[in-house]
Amino acid sequence: MAGFFTSFAISASGLTAERLRLDLISNNIANMNTTGRPNDPNNPPYRRRIPLFAQILRQEEDAGVSQPLFSGAGVRVTKVLEDSNPPRLVYDPSHPDADEKGYVAYPNINVVNEMVNMITATRAYEANVTALNAAKDIALKAMEIGRG
């Protein structure tokens, strides 16, 4: 029965990671028109945020092997990175955040790229839900067999 709980935990870690990814994508889209002043450290434009995923490894216990064995045990978000690309400059001298040359800094966010990332995250979320439901069905069938 411990194997079922392991598969539940792996799927849950994937669901959690993909949900954070979707939250960051929606935050990026919401802030794509947030302005800042070019080269002003007191009023910087919003920077696109990207999650960094890493696999969770579990050390397998096997007394006969001198090298420890590792197996996958899910995924976790290790860091949220800020995009290092320079901001998009738009000439608008009437804007209150315009610098002395008339440029306003907008975040360098491409809505098409964000939508592609959102579709990818949604598909990964759905795959984790499917795996979780399959593991749940297997566990229920195993319990029915155990009842006799």
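Heavy-atom basis, side chains included; hydrogens, waters and symmetry copies ignored.
V77 belongs to a hydrophobic cluster whose other members, connected by ILVMFWY side-chain contacts under 4.5 Å either directly or through intermediates, are L20, L24, F53, V75, V80. Counting Ile, Leu, Val, Met, Phe, Trp and Tyr side chains that sit under 4.5 Å apart, directly or through other members, I56 stands alone, with no cluster partners.
In this structure, the side chains of R37 and N42 stay at 4.5 Å or more apart for every pair of heavy atoms. Under the 4.5 Å side-chain criterion, counting only non-hydrogen atoms from C-beta, I29 is in contact with M118.
The OG1 atom of T34 lies 8.0 Å from the OH atom of Y46; values are rounded to the nearest 0.5 Å. Annotation: the span from L140 atom CG to I145 atom CD1 amounts to 11.5 Å, rounded to 0.5 Å. To the nearest 0.5 Å, atom CD1 of residue I50 and atom CD1 of residue I25 are 10.0 Å apart. For the atom pair OG1 (T35) and CG (N43), the distance works out to 6.5 Å, reported to the nearest 0.5 Å. Rounding to the nearest 0.5 angstrom, the gap separating the CG atom in L81 from the CZ atom in R47 is 12.5 Å. Here the OG atom belonging to S11 is positioned 9.0 Å from the CG atom belonging to N133, to the nearest 0.5 angstrom.
At distances below 3.5 Å, at least one donor-acceptor pair connects side-chain atoms of T78 with backbone N or O atoms of L52.
Taking hydrophobic clusters as Ile, Leu, Val, Met, Phe, Trp and Tyr residues chained together by side-chain heavy-atom distances below 4.5 Å, F5 shares a cluster with L132. Both F8 and V129 sit in one connected hydrophobic cluster of ILVMFWY residues. Membership requires side-chain heavy atoms under 4.5 Å apart, directly or through other members.
Salt bridge present: E18 and R21 bring a charged side-chain N and a carboxylate O closer than 4.0 Å. Of the charged side-chain nitrogens involved, at least one lies within less than 4.0 Å of a carboxylate oxygen, so that R19 and D23 count as a salt-bridged pair.
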Identify each donor-acceptor pair in which a side-chain atom of residues 100-110 lies under 3.5 Å from a protein atom, sequence neighbours left out, and give them as a table.
from, atom 1, to, atom 2, distance (Å)
N108, ND2, P86, O, 3.3
N110, OD1, V112, N, 2.9

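Across every non-hydrogen atom of E114 and N28, the tightest pair is OE1-ND2, 3.5 Å. For A73 against I10, the heavy-atom pair with the smallest separation is C-CG1, 3.5 Å.
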